[in-house]
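Just below is one structure, and these are the notes that go with it.
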Amino acid sequence: MLVVTGCGQRAAQTTTPTLAPADSTFTADVSPRLARFSFPLAEHDEWFWYRSTTGSGRGEYSWTVEIENAGQRYSFGFLLFKSPNARPARGKLTSLLRAGQQSVSIGSGTQFRLSHELNVKVTAQGNRLHVDITDLKTLQALFSGRPEFGVFTVVLPGENTRKREVAIRYQP
């Protein structure tokens, strides 16, 4: 699995993820003005990041979706990497989301590059994490060819990487 940083570094992968069958708790809905990809969240009173056990430049959290549209691969969502000299932090999920990056990356072969023109917004609501796309340029780039599914990936500290292939539902 390739996890992308703004610096082009890879996160450590210690387990081989498996692609599980579709799971109704992961949802992918696209309409002409909004695309929403939702992840289930485990309840936490407090979240911890920039852990002392995480190496500098390594990924700690990731909620991303990968799709292919018109022959181009895209990965989008939330990523948090431990920056050099980062001190351990803790707090609510909203604070964790402010500490990381919300981004779209464009893939070619096995490499991805960060797009500065395409945008997503990541929010948490109850026990759900939402990756929303409302920017018309981003909607066109990612969904003009109506890809059939997205591969959701969840990376959390101390847990195996989870992947789910989810059918994308298109609304008129």
Side-chain angles (χ1 to χ4, degrees), residues 1-6 8 11 13 17-44 47 59-81 92-156 159-172:
M1 179 186 139
L2 173 67
V3 178
V4 180
T5 71
Q13 178 68 37
T18 57
L19 191 60
D23 184 332
S24 63
T25 61
F26 292 80
T27 61
D29 296 290
V30 176
S31 72
R33 301 219 178 275
L34 170 68
R36 172 167 277 181
F37 295 80
S38 292
F39 295 77
L41 290 173
E43 288 192 36
H44 289 274
W47 293 77
E60 279 191 320
Y61 289 91
S62 173
W63 288 277
T64 60
V65 178
E66 187 174 323
I67 62 165
E68 186 171 328
N69 185 47
Q72 186 67 63
R73 290 176 40 226
Y74 297 92
S75 178
F76 54 92
F78 175 83
L79 302 157
L80 180 108
F81 296 89
K92 299 287 184 191
L93 182 57
T94 53
S95 298
L96 170 65
L97 294 178
R98 280 194 301 271
Q101 70 183 44
Q102 303 175 31
S103 59
V104 178
S105 295
I106 301 170
S108 176
T110 60
Q111 299 295 316
F112 280 85
R113 65 178 167 76
L114 194 62
S115 170
H116 297 287
E117 297 177 7
L118 305 177
N119 302 292
V120 298
K121 180 173 181 159
V122 179
T123 59
Q125 184 176 19
N127 64 346
R128 310 287 300 161
L129 181 123
H130 302 295
V131 179
D132 290 340
I133 302 168
T134 56
D135 175 66
L136 295 178
K137 181 177 183 175
T138 305
L139 286 167
Q140 178 68 22
L142 274 58
F143 306 107
S144 62
R146 297 176 67 96
E148 294 180 26
F149 65 91
V151 177
F152 286 57
T153 303
V154 178
V155 177
L156 302 173
E159 295 186 18
N160 290 332
T161 297
R162 291 181 287 158
K163 287 184 174 259
R164 300 285 186 275
E165 183 176 284
V166 178
I168 299 173
R169 297 179 295 208
Y170 289 91
Q171 312 297 322

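Quick caveat: nothing in here was measured; it's all calculated off a predicted structure.
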Item checked: Side-chain donor/acceptor of N69 to backbone N/O of G145, under 3.5 Å -> yes

Notebook entry, point to check: Angle class for the H44/W47 ring planes (parallel below 30°, perpendicular above 60°, tilted otherwise)?
Noted result: tilted

Check: So how far is it from R128 CZ to F39 CZ, rounded to the nearest 0.5 Å?
Finding: 9.5 Å

Next item on the list: Please name the residue in the list L156, L79, L96, L80 that meets the side-chain contact (heavy atoms from CB on, under 4.5 Å) test with E60.
Entry: L80

Check: Which distance, rounded to the nearest 0.5 Å, do you find between the CZ of F152 and the CD of E66?
Finding: 12.5 Å

Margin query: With a 4.5 Å cut-off on side-chain heavy atoms, are Q72 and I106 touching?
Written below: yes

Next item on the list: For Q102, check side-chain hydrogen bond (donor to acceptor under 3.5 Å, both in side chains) against everything at least two apart and list the hits.
Entry: none

Note to self: Which residues pass the ring-ring contact (aromatic ring centres under 6.0 Å, His included) test with F76, not counting sequence neighbours?
What the structure shows: F37

Next item on the list: Could you tell me the separation between the CG atom of L41 and the CH2 atom of W63, rounded to the nearest 0.5 Å?
Entry: 6.0 Å

Notebook entry, point to check: Within a reach of under 6.0 Å around CD of Q171, are more than 12 heavy atoms found that belong to other residues, nucleotides or ligands?
Noted result: yes

Notebook entry, point to check: Closest heavy-atom contact between I67 and P147?
Noted result: CD1-CG, 4.1 Å

Margin query: One pair to check against side-chain contact (heavy atoms from CB on, under 4.5 Å): R33 and L136. What are the steps and the verdict?
Written below: CA-CA 7 Å; R33 301 219 178 275; L136 295 178; 3.7 Å; yes

Next item on the list: Please examine the side chains of L142 and L118, heavy atoms only from C-beta on, and report whether any two atoms are closer than 4.5 Å.
Entry: yes

Margin query: Measuring from atom CZ of F149 to atom CZ of R164, what distance do you get when rounded to the nearest 0.5 angstrom?
Written below: 15.5 Å

Margin query: Can you tell me if Y170 has over 12 outside heavy atoms packed within less than 6.0 Å of its OH?
Written below: yes

Check: Does CD in E148 sit with more than 12 non-hydrogen atoms of other residues, nucleotides or ligands closer than 6.0 Å?
Finding: no

Note to self: Can you give me the closest heavy-atom contact between F78 and L97, atom names plus distance?
What the structure shows: CE1-O, 3.4 Å

Next item on the list: Please report the closest heavy-atom contact between F143 and A35, naming both atoms and the distance.
Entry: CE1-CB, 3.7 Å

Item checked: Pairwise distance CG(N119) to CG(L139) - rounded to 0.5 angstrom -> 10.5 Å

Notebook entry, point to check: Residues in salt bridge (charged side-chain N to carboxylate O under 4.0 Å, His left out) with K92, at least two apart?
Noted result: none

Next item on the list: To the nearest 0.5 Å, tell me how far F26 CZ sits from S38 OG.
Entry: 10.5 Å

Next item on the list: Locate the shortest heavy-atom distance separating A124 from L93; write the atom from each residue and the value.
Entry: CB-CD2, 3.3 Å

Check: Can you name the closest pair of heavy atoms from S103 and Q101 and give their distance?
Finding: OG-NE2, 3.3 Å

Item checked: R146 side chain near V30 side chain, heavy-atom distance below 4.5 Å -> no

